Amino acid sequence: MYLKVPQTVISADSIPRIGCMRKSPAASRKTILALLYGYTLSHVSRPLVVAEELRKRGYDVVFAGSGAALRFPAERGFTVYPLEEIPYETLFGRIRKKRLRFIETDELWRLVTADLRLLTRLSPDLVLSDGRLSARLSTAYLGIPHAAIVNVSSTHHRREPYVPLFGTVSDSRLKARLDVWNLHIEMKVFDLAVPAFRRASRRLGIPGNVGATNCLEGNDLTLLPDLPEYMPSIGLPDTHYYVGPLVPHMHVPRPPWWQEILNHHRAGKRILYCTLGSTGSMKITRPILYLSNNKDWTIIVTTGGRKVSIANCDNVFVSDFIDADEILPITTTIVCHGGNGTIYQCLSHNVPILGIPDIPDQVYNMRRVEALRVGHRIQYSDISSAKSWQTLLERWSRPLSSHLGRATAQARKKSPSRAADLIQGLL
């Protein structure tokens with residue numbers, strides 16, 4: 001359904017010039033184009049939450065990208081345009097191998113030129129991006145207002161480094177100063193390792209400094225779908241705003257075994273919810289085998305649409321998707337990949353988090369989860385037997401009760417309006 005556009009490289013001479021984007025005075029309704037990375041659910045669901053609020057306010061919102069997750073805005077009545085993108089296997093294959101150079105210059109240039117073709121065709125009043133690596137460059141070149149949704153951890157304003165060099169320093173003041181130095185070196189190395197953004201900026205003649213560390217931020221507005229308690233920052237400019245978690249209530253059909261789950265819960269069985277998200281490793285499902293014969297537990301696995309081979313057991317139930325806000329209130333513990341959306345859902349329902357991260361972003365998230373004592377990062381050596389797995393679950397099967405959980409639940413209710421207010425102000 002979502003085909004890639006041909007990978008034709010447009011020369012610099014044939015790129016549309018600045019000033020060609022003016023709309024007809026007769027156009028009264030403003031159009032917002034959401035450019036996103038459609039292979040991962042979070043990069044689709046967050047702008048979708050905002051788009052539904054903006055549509056209520058009378059704006060036309062259209063989507064563009066490539067990937068299976070784009071079916072969700074299509075199902076909600078939004079127009080979706082196909083747009084060339086780096087395939088999931090390519091991009092996340094590099095990230096899982098911890099390659100700093102996650103995108104090549106020619107790949108980024110193809111994304112930029114694909115953006116420019118679509119932008120000149122649609123002439124939007126504003127672009128809202130989430131995970132689109134080229135959006136900041138293409139919108140800056142054409143002079144289109146640009147807002148972006150990005151987690152604090154993926155900006156150059158994060159307070160904590162990805163590679164903490166001074167984690168053992170006990171003096172908090174000294175550690176804070178060392179972390180500033182740590183962050184500076186970390187970001188400098190990352191920008192130097194990924195020269196594609198500097199090269200594309202020079203080719204387009206864009207002033208400023210777009211690099212690997214800030215490529216996902218907005219030119220005019222950056223919406224941070226986080227809570228400062230969970231994801232702290234430093235040096236935020238007045239274009240960056242915490243809006244709260246943009247986590248939708250996924251109104252997907254209940255699986256055929258839903259009533260059976262409720263019966264298990266009423267009978268006093270504990271519920272283990274295991275989710276791969278859209279970026280988690282298939283290895284996450286391995287621990288459930290240790291509980292497949294334990295009748296005290298009922299196990300629910302959601303695969304995100306991927307094929308997972310799980311032996312048939314009376315207490316294991318599998319579905320592509322499920323409404324997390326329906327299952328989490330009766331969940332004892334969750335096993336997940338450590339994605340931001342899943343973590344915020346768990347926090348809002350006070351469910352302990354056992355995370356098996358697979359990429360650096362998820363490792364970073366689980367460090368924050370452990371720092372706040374709302375969960376634990378699992379090493380496979382921690383669960384080498386049914387007994388060790390059972391011990392770990394016993395430790396993390398008590399409901400959380402914290403200010404952070406209440407703050408998360410409240411912020412989720414308000415975040416779509418906050419984000420829409422800021423975008424409306426920019427327009």
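Remember, it's a predicted structure, so these values are computed and weren't measured experimentally.
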Using a distance-only test with no angle check, is there a side-chain donor-acceptor pair under 3.5 angstrom linking [X] and [Y]?
| X | Y | answer |
| --- | --- | --- |
| Y230 | T408 | no |
| H43 | D130 | yes |
| S397 | T333 | no |
| T31 | R29 | no |

According to the interplanar angle, ranging from 0 to 90°, do the rings of [X] and [Y] count as parallel (below 30°), tilted (30 to 60°) or perpendicular (above 60°)?
| X | Y | value |
| --- | --- | --- |
| Y39 | Y37 | tilted |
| F102 | F190 | tilted |
| H157 | H240 | perpendicular |

Side chain [X], main chain [Y], donor-acceptor under 3.5 Å:
| X | Y | answer |
| --- | --- | --- |
| E186 | N182 | no |
| T79 | V62 | no |
| N365 | G338 | yes |
| D191 | T213 | yes |
| E370 | R377 | yes |
| W257 | V316 | no |
| R367 | Y162 | yes |

| said: Using side-chain contact (heavy atoms from CB on, under 4.5 Å), reason through L372 and E229 one step at a time and then give a plain yes or no. | reply: CA-CA 9 Å; L372 295 168; E229 298 96 325; 5.5 Å; no

Would you call [X] and [Y] a salt bridge, taking side-chain N to carboxylate O under 4.0 Å as the test?
| X | Y | value |
| --- | --- | --- |
| R368 | D226 | no |
| K56 | E52 | no |
| E260 | K269 | no |
| K175 | D171 | no |

If you measure from [atom1] on [X] to [atom2] on [Y], what distance do you get to the nearest 0.5 Å?
| X | Y | atom1 | atom2 | value |
| --- | --- | --- | --- | --- |
| N151 | N340 | CG | CG | 4.0 Å |
| Y344 | M231 | OH | CE | 5.5 Å |
| N214 | S154 | CG | OG | 11.5 Å |
| W109 | L137 | CH2 | CG | 8.5 Å |
| K414 | D421 | NZ | CG | 12.5 Å |
| I144 | S138 | CD1 | OG | 7.5 Å |

| query | Per the side chain to side chain donor-acceptor pair (under 3.5 Å) rule, which among R203, R198, R199 passes with T105? | reply |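 Of R203, R198, R199, side chain to side chain donor-acceptor pair (under 3.5 Å) with T105 is met by R199 alone.
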
| message | Using a 6.0 Å distance limit plus a 45 degree cone around the ring axis, check whether R418 lies over the aromatic ring of Y241. | response |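 Ring-cation test returns no.
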
Mind listing the closest non-hydrogen atom pair of [X] and [Y] along with its distance?
| X | Y | result |
| --- | --- | --- |
| I261 | I327 | CG2-CD1, 4.1 Å |
| R94 | R101 | CD-O, 4.3 Å |
| A69 | V44 | O-CG1, 3.5 Å |
| L83 | S66 | O-CB, 3.2 Å |
| D220 | P145 | OD2-CA, 3.3 Å |
| A135 | H146 | CB-NE2, 3.9 Å |

Within the 4.5 Å heavy-atom criterion, are [X] and [Y] side-chain neighbours or not?
| X | Y | answer |
| --- | --- | --- |
| R254 | D323 | no |
| I322 | Y273 | yes |
| D179 | P164 | no |
| L347 | L227 | no |
| R158 | M187 | yes |
| L354 | L393 | yes |
| F72 | R76 | yes |
| P161 | L183 | yes |

| task | Please assess V252 against D320 for the test side-chain contact (heavy atoms from CB on, under 4.5 Å), listing each intermediate value before the final yes or no. | result | CA-CA 10 Å; V252 295; D320 286 344; over 6 Å; no

| Under 6.0 Å from the CZ atom of R373, do we count more than 12 heavy atoms belonging to anything else shown? |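 Counting other residues, nucleotides and ligands, CZ of R373 stays at 12 neighbours or fewer.
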
| query | Can the ring centres of F317 and H264 be said to be less than 6.0 Å apart? | reply |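 For F317 and H264, the ring centres are under 6.0 Å apart.
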
| Set of ring pair (Phe, Tyr, Trp, His ring centres under 6.0 Å) partners for F197, sequence neighbours left out |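 None.
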
| task | Would you check, one step at a time, whether the test side-chain hydrogen bond (donor to acceptor under 3.5 Å, both in side chains) holds for T222 with T239? | result | CA-CA 6 Å; T222 300; T239 55; 5.2 Å; no

| side-chain contact (heavy atoms from CB on, under 4.5 Å) between R71 and V80, intermediate numbers included | CA-CA 9 Å; R71 75 177 180 88; V80 179; over 6 Å; no

| field | Full working for side-chain contact (heavy atoms from CB on, under 4.5 Å) between D358 and I356 | value | CA-CA 7 Å; D358 191 47; I356 307 180; over 6 Å; no

